[in-house]
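The structure appears right after this line, and notes come after that.
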Amino acid sequence: MDQPIIRLTGVCKSYGDNEVVKDLNLEIMPGEFLTILGPSGCGKTTTLRMIAGFEEVTKGQVFLAGVDVADKKPYERDVNTVFQNYALFPHMNVFKNVAFGLVEQRIPKAEIKERVQAALKLVRLEGMDNRMPSQMSGGQKQRVAIARALVLKPKVLLLDEPLGALDLKLRKQMQHELKHLQQELGITFVYVTHDQEEALTMSDRIAVMNAGVMEQLGAPEQIYNHPATRFVADFIGESNIMEAYVDSITESGIKCVMEFGDFTIRRGDYADEEMLYICVRPENLRFTAEPVAGFNLFGKIKEHIFMGSICKTIVKLPNDQEVFRTAPPSDGLLPMDSVVHLSWRPTECSILRTKEEQIYNVIESSVEMEGFDARQIL
Amino acid sequence: MRGKFSNAGERILAAIRKFLALIVMVGPTGFWLVLFVFVPLVFVVVISFMQRGDYGVEAGFSLQGYLSVFSALYGKTIGKSLLLALETTALCLLFGYPFAYCMTKAPKKMVSFLVLLIMMPFWVNSVIRIYAWRTLINDNGYLNMLLEALGLNTIHLMRTNGAILLGMVYELLPFAVLPLYNSLEKIDPSLLEAASDLGAKRHRPFLRVVLPLTMPGVFASTIQTFIPCLGLYYICNMMGGGTDLYIGQVIERQFLSEAHNWPFGSALSIILIVLTIVMMKQYTRIGSLEDMA
């Protein structure tokens, strides 16, 4: 296998006492589209800026193509950045903006002209050479910023929320264009965004960050279907997250107890009394009038929300938690206020271990009310 | 017929209303400008075409004021004054730009302190401050006392053209710094990062991004130092030798002291104003060309 084009080992960044990035280890392969995804303030932009060379690494190392770049200035690194606010030079027209880096490399005029034209063609801005940035729309400015970076043929293109300022429709269009561009050129893209949908659409792999820590790294399907932490389950797409603990382990399966209910899973190396988060995607959660083997969970249908292509059904659990299912409206709806049984396929739920002691106590207190029919409080 | 009349009446009323609104909105400023700019200027123009008299001016048309200006002697005065203004402007930019640049790099708390330092001289009358300079640079002033104490040669600065230049730069430096600081501060730091990211090393980001983007500030600074420099006659009076006059001093002398030649003083003023306007016009043209580049 190829050597990683970017390698971060034990990278930390702190401003005074404030640790922004904590012990980050990440390998990015040549030609890969890797997205760093996370909420604002999670350290994703800082990570990108450390790769670009705008921020110094507090601890750890950054390797570009196998070389430690600790003492390399941004202009010595073979990466280029597309900035969130575009950072186009306002006193230069489109041509001069795109030619900026080539002029610095003292490339002959004729070649500059040729390469700038090619770059502008790539981002579909032919003939806009003489426009000033102030005369352009957000989408056009973004294309100039991309052309300006790509014209230098970097090994890696770093993109810091490049589509954040665009409206939804343009953003979708640019997502496709960027993805195609990346596949066409075969350049490594490191893409920072807080938009999980954008990340899922475009990336080969996603690194999910939260509070300076990389919580999960994997392909979009893997991140979506098998979130590694509660944060990932909650942040990527929508999730029903329920709390449970392992009550008893027998030959036939592992019985997990929830507040006012229980269910049995077949396998897993869980320990007795281990606390769990059960994450079920709304499209995988099932509500049925009849009980399902292995599940002893109830809820009451509270609301059906028609949302066009899908219908959202909200069910209230005995502990007042609300869970929901999304399904095509044609699937047939159970009547309002009816008591339903909750279930899911074992393969379609993610079970995450946790150390939240509180879960045990809350559930324990509900279990102690023996002989109590959960259906009564619904 | 009646309809037509009332229509015309309405139109007149609307016009009056519009006019009244204009008076209310622009009136105070307009009044101010007319009283303190336009009227005095008309006075100067009229006097410049009158005859010289015992008390300065006499009734009667004459071009003598203008004819005197074009004698070789005053051509040299004007040239010298423009040169002084040019030197002052250049020095103000030379000292002001780095200072303003450092201000943008200084921590936030420091900046307000630095602005205070720049503004502080305005709390004391300018004439008094120039007096203070005299005590510093006199032949036996504090500067030479210090030089002597250090075992160095003393310098003769007082009553030279160098002293005038010093006074001018001192007086006008704050006016140069503030517009420069303003334009420097507006530059988005990500532009410098972008320049560096695109391969610009060392001084190159400054040369290709910062300097062009601060040209409007340089422009404003130039205007704010060049024009006042032509008029600050008291600095020339107090610091200079008094033998070799600058244009501001010549004008002053026609009105306030011995010469009593108001038409000549007015003609000189008019020519100075016209010269300044022409130069600024040219300069703005260059400035706007730079903006486009």
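In the text below, chain A, chain B and the rest are named by the order of the sequence lines, each starting its count at 1. Worth saying up front: this structure is predicted, and the values here are computed from it rather than measured.
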Can you confirm whether [X] sits close enough to [Y] that some side-chain heavy atom of one is under 4.5 Å from a side-chain heavy atom of the other?
{"X": "B/Glu193", "Y": "A/Thr81", "result": "no"}
{"X": "B/Arg208", "Y": "A/Met92", "result": "yes"}
{"X": "B/Met215", "Y": "A/His91", "result": "no"}

Select one option (side chain, backbone, both, neither) describing which atoms of [X] are under 4.5 Å from chain B's heavy atoms.
{"X": "A/Arg148", "value": "both"}
{"X": "A/Phe100", "value": "both"}
{"X": "A/Leu88", "value": "backbone"}
{"X": "A/Phe83", "value": "side chain"}

With a 6.0 Å cut-off (strictly less than), is the heavy-atom count around [atom1] of [X], excluding the residue itself, greater than 12?
{"X": "A/Lys113", "atom1": "NZ", "result": "no"}
{"X": "B/Lys80", "atom1": "NZ", "result": "yes"}
{"X": "B/Phe19", "atom1": "CZ", "result": "no"}

Measuring from A/Phe89:CZ to B/Leu192:CG, what's the distance to the nearest 0.5 Å?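 Here the rounded value is 8.5 Å.
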Non-hydrogen atoms of chain A under 4.5 Å away: do they reach the side chain of B/Asp188, the backbone, both or neither? side chain
Closest approach of B/Asp197 and A/Val79, non-hydrogen atoms and distance?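 Smallest interatomic distance, heavy atoms only, reads OD1-O, 3.7 Å.
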Which heavy atom in A/Ala87 sits nearest to a heavy atom in B/Ser190, and how many Å separate them?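 Result for this residue pair: CB-OG, 3.6 Å.
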